[in-house]
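Beneath this line is the structure, given in structure tokens, with notes to follow.
Order of listing sets the numbers, starting from 1, for every ligand and every atom in it.
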Amino acid sequence: MKVFINRPIPEIGMKMLKDAGLQIIIPENPHLEPDEWISYCKDADAILNVGQNDFDADFFEKCPNIKAIALFSVGFDSVDIEYATAKKIPVGNTPDVLTTATADIAFLLMQSVARKASYYFDRIRKDEWGTFNPMHELGQELDGKTLGIFGLGRIGMVMAERCRKAFGMNIIYHKRNQNKEAEEKLDAKYVSFGELLEKSDVLSIHASFNDEHAGKFNKETFKKMKPNAIFINTARGGFHDQKDLCESLQNKEIWGAGFDVTNPEPMDADDPILKLSNVCVLPHIGSATVEARNGMAKYAAENMIAFSRGEKMPHCANPQVYG
Ligand code: DGY
């Protein structure tokens with residue numbers, strides 16, 4: 001079976017794939033032009049995909065030989081799952097192994113924004129240490145504040161635990177189904193989306209992305225938030241309208257924003273939002289720890305090997321494919 005891997009993954013996964021006797025194709029230059037990408041995929045039986053490539057109907061029609069996709073990510077919003085399932089194509093993903101790493105990035109962004117760490121670091125880099133000024137660019141403390149979580153699945157749960165333990169924060173959340181575990185363990189309160197906006201001092205997104213969520217956090221929603229609110233997005237850039245976010249920050253409708261996912265992604269280095277003192281942006285590094293990336297490599301390899309043996313993928317985003 002010919003497996004196309006668009007970029008090398010950590011050794012633990014590469015070794016598993018080689019030991020399983022799979023024929024692996026990896027391009028020398030990982031930056032493929034669209035036609036090169038299609039030509040590699042056309043030629044393969046299965047893809048182990050690293051990064052955000054679209055697997056939509058158009059892709060599947062161009063590459064009819066593809067029988068399985070193992071994603072090197074927990075998110076599978078880049079795949080038309082309905083189409084893949086109809087074509088009996090299993091789609092593997094990597095849940096759990098990046099949960100704490102991603103929650104930690106949300107926690108880090110929250111603190112970094114609350115104390116304007118990026119702004120101050122940048123000043124030192126520009127040789128602008130300055131003098132002690134009792135009123136310049138003050139931060140805010142998080143003790144006893146309210147953390148609002150949009151989503152509250154595995155990653156949101158770890159973020160909520162961290163915030164509760166470190167700062168005694170009150171947890172409120174909004175999602176499709178109530179999270180009883182969070183209510184029992186963390187005294188989390190289910191609220192409507194409107195209440196989430198109105199009551200959160202920190203609002204952090206931990207939901208999986210779908211088309212209905214595109215631009216959900218926009219001019220209108222930011223207006224409903226508290227003027228001291230910090231907006232955190234470590235899920236997908238598509239959740240927020242970045243121009244609206246920038247304007248809401250400039251108009252002081254909300255207080256600060258930290259995001260590890262941008263819209264568009266990658267974002268423009270000239271984006272005016274990068275000039276603001278109450279913003280911290282990271283280039284989608286939620287899972288960028290040795291532990292998480294090794295776990296992702298292992299899960300992706302397990303999925304691919306299981307598929308090659310005619311078995312069910314153990315970490316599958318569309319288990320319905322197996323009937
Ligand atoms: C994920 O695993 O979904 C991360 O966002 C990396 O893409």
Practice item. Answer yes if the side chains of Y173 and E183 hold a donor-acceptor pair under 3.5 Å, and no otherwise. Key: yes
Check your understanding: What atoms of ligand 1 come within less than 4.0 Å of a heavy atom belonging to G75?
Key -> 1 (C), 2 (O), 3 (O)
Review point. Can the positive tip of K216 be found less than 6.0 Å from the middle of the six-membered ring of F193, inside 45° of the ring normal?
Key: yes
Check your understanding: Any ion pair linking E141 and R115 (charged N to carboxylate O, less than 4.0 Å)?
Key -> no
**Study point:** R236 N/O to ligand 1 N/O under 3.5 Å
**Key:** yes
Exercise for review: Number the atoms of ligand 1 from 1 as they appear, then name those within less than 4.0 Å of a heavy atom of S73, with their elements.
Suggested key: 1 (C), 2 (O), 3 (O), 7 (O)
Exercise for review: Looking only at protein heavy atoms, identify the closest one to atom 7 (O) of ligand 1 and say how far it is in Å.
Suggested key: H284 NE2, 3.6 Å
Exercise for review: Please work out which of the three classes, parallel, tilted or perpendicular, describes the rings of H240 and F231, given edges at 30° and 60°.
Suggested key: perpendicular
Review point. When you measure from atom 2 (O) of ligand 1 to every protein heavy atom, which one gives the shortest distance, and what is it?
Key: V74 N, 2.7 Å
Check your understanding: Of the backbone atoms (N, CA, C, O) and the side-chain heavy atoms from C-beta on, which set of L98 has a member under 4.0 Å from an atom of ligand 1: side chain, backbone, both, or neither?
Key -> side chain
Check your understanding: Just checking, any donor-acceptor pair under 3.5 angstrom between side chains of S248 and N251?
Key -> no
